[in-house]
Amino acid sequence: MEVARRLKAIPPYVFAEIGKKAAALTKAGHDVINLGIGAPDQPTPRHIVDAMHEAIEKPINHQYPPFGGTPEFKKAAAEWCQNRFNIKIDPETEVTTLIGGKEGIHNLIMAYIDQGDVNIIPDPAYPVYQTSTILAGGEPFYMPLTPENNFLPSLDAIPATVAQKANLMFLNYPNNPTAATATLEFFEKAVAFAKKYDILLCHDLAYSEMTFDGYKAPSIMQVKGAKDICIELHTLSKTYNMTGWRIGFAIGNAEAVKNLAKIKSNIDTDIFRAVQQAGIAAFEGNRDHIDFCNNLYIERRDLACEKLKELGWTVTPPKATFYMWLPVPPGLSSEEFCTKMLNEAHIVVPPGNAYGPSGEGYFRLSLCLPKERMAEAFERMKAHKFTFEMGKAQVC
Ligand SMILES: *Cc1c(COP(=O)(O)O)cnc(C)c1O
């Protein structure tokens with residue numbers, strides 16, 4: 001059976017090999033610690049689960065939901081944005097539901113990228129920006145995120161010829177995988193850039209509430225005039241521990257929202273109404289559990305910083321996300337280091353190059369396991385001499 005060219009065009013998934021090896025080690029009876037998970041380990045808050053129980057009993061909710069979301073969900077989403085970011089969003093024309101952020105990214109690309117079109121994306125990045133661009137027949141243009149520029153892209157480095165050709169650009173702050181954050185001033189520059197070249201700018205704000213030490217992440221919609229050229233993707237996955245529920249929403253430029261909704265209405269039939277009602281309960285509930293989870297991530301982050309320092313790493317505690325983006329020991333490639341971690345210490349960490357070419361030289365560590373389990377991982381690293389200097393020893 002012959003598959004479509006677009007399927008064959010998807011680049012090999014660097015993490016797939018490691019995943020297979022990890023499964024084999026587990027099967028052979030080894031205790032593998034997975035520090036590669038990018039999903040909350042805590043359950044969905046009680047009041048959201050309760051709202052779902054109630055909603056599922058109502059026969060009206062068993063029917064097809066309306067395209068683009070129920071009016072109640074869209075209104076609650078717009079109000080949440082108003083309260084959180086002090087931005088005015090029209091629930092009728094400037095909001096559309098998403099079956100998670102991932103789906104939103106894919107379908108936005110389907111709506112804006114044709115064969116040969118350019119999508120300007122960060123590198124490293126959440127892999128969907130790249131793969132969906134390739135599925136659409138488009139060409140990703142990578143903006144390298146480097147420590148010299150605090151993992152923000154240098155917009156001046158984008159050639160004018162590329163910018164003139166591009167239809168779409170993605171940004172994502174707080175960032176996966178680097179944990180970097182962006183200021184409103186940076187977003188202002190990005191909006192000006194998008195306006196200059198008439199590029200739809202999509203900001204993926206998946207980690208808006210996962211912030212620490214008093215830091216609050218801005219929405220790109222806080223930039224004056226952002227609605228002229230921007231769309232922003234939100235998801236309840238990380239904020240409300242709802243990864244399995246598949247619920248998110250897009251806000252911003254009415255035309256972009258309409259185009260995204262048009263593509264979607266031809267592909268999916270929106271989010272189960274009962275899940276949308278649970279989403280409303282999430283928006284309207286208090287923030288206690290968000291604080292609770294952020295405190296858990298802070299404890300884990302601080303433990304990781306302390307232990308990694310002992311092993312020779314120089315680390316700056318991230319202000320947001322449940323990731324840490326760390327250099328691999330000099331002398332080893334990302335894949336060499338991650339393969340050794342798995343084979344010798346039975347610890348899974350994804351190699352940086354799985355997120356784009358500029359991720360080479362890094363690995364991502366996530367904070368999605370209990371502190372005790374993370375402590376065990378660092379003990380193992382110590383026992384197996386996984387220090388920042390290990391690569392040098394190997395070269396000799
Ligand atoms: C987790 C994540 C998403 C979306 O997750 P969904 O569960 O599909 O909502 C989108 N972007 C980034 C950068 C993420 O890390």
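Atoms within each ligand, like the ligands themselves, are counted from 1 in listed order. Numbering of residues begins at 1 and proceeds along the displayed sequence.
For ligand 1 and Asn172, the ligand atoms under 4.0 Å from any heavy atom of the residue are 13 (C). Every atom of ligand 1 with a heavy atom of Thr235 under 4.0 Å away is listed here by number and element: 6 (P), 9 (O). The contact set between ligand 1 and Gly100, taken as ligand atoms under 4.0 Å from a residue heavy atom, comprises 8 (O), 9 (O).
Side-chain contact annotation: Tyr129 with Asp204, donor-acceptor N/O pair under 3.5 Å present.
Atom 5 (O) of ligand 1 has its closest protein heavy atom at Lys238 NZ, 3.9 Å. Of the protein's heavy atoms, Tyr207 OH, 2.6 Å lies nearest to atom 15 (O) of ligand 1. Looking at atom 7 (O) of ligand 1, its nearest protein heavy atom turns out to be Ser237 OG, 2.6 Å. Ranking protein heavy atoms by distance to atom 12 (C) of ligand 1, first place goes to Asp204 OD2, 3.4 Å.
Tyr215 carries Lys319 over the face of its six-membered ring, with the cationic atom under 6.0 Å from the centre and within 45° of the normal.
Any N or O atom pair closer than 3.5 Å counts here, and Ile105 shares no such pair with ligand 1. On a distance-only criterion, Arg246 and ligand 1 share at least one N/O pair closer than 3.5 Å. Annotation: Asn176 places an N or O atom under 3.5 Å from an N or O atom of ligand 1; distance criterion only. Of the N or O atoms in Thr243, none lie within a sub-3.5 Å distance of an N or O in ligand 1.
For the salt bridge (Lys or Arg N to Asp or Glu O under 4.0 Å) condition, the pairs that include at least one residue of residues 84-100, sequence neighbours left out, are Arg84-Glu209, Glu94-Lys227.
Around CD of Glu54, the count of heavy atoms belonging to other residues, nucleotides or ligands within 6.0 Å does not exceed 12.
Met324 has its side chain within reach of Leu308: a pair of non-hydrogen atoms, C-beta onward, lies under 4.5 Å apart.
Partners of Tyr355 by ring pair (Phe, Tyr, Trp, His ring centres under 6.0 Å), not counting sequence neighbours: none found.
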Problem set entry | CA sep, side-chain torsions, deciding dist, call: Glu344, His384, side chain to side chain donor-acceptor pair (under 3.5 Å) | CA-CA 7 Å; Glu344 295 167 30; His384 288 87; over 6 Å; no
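Not less than 6.0 angstrom separates the ring centroid of Tyr173 from the ring centroid of Tyr207.
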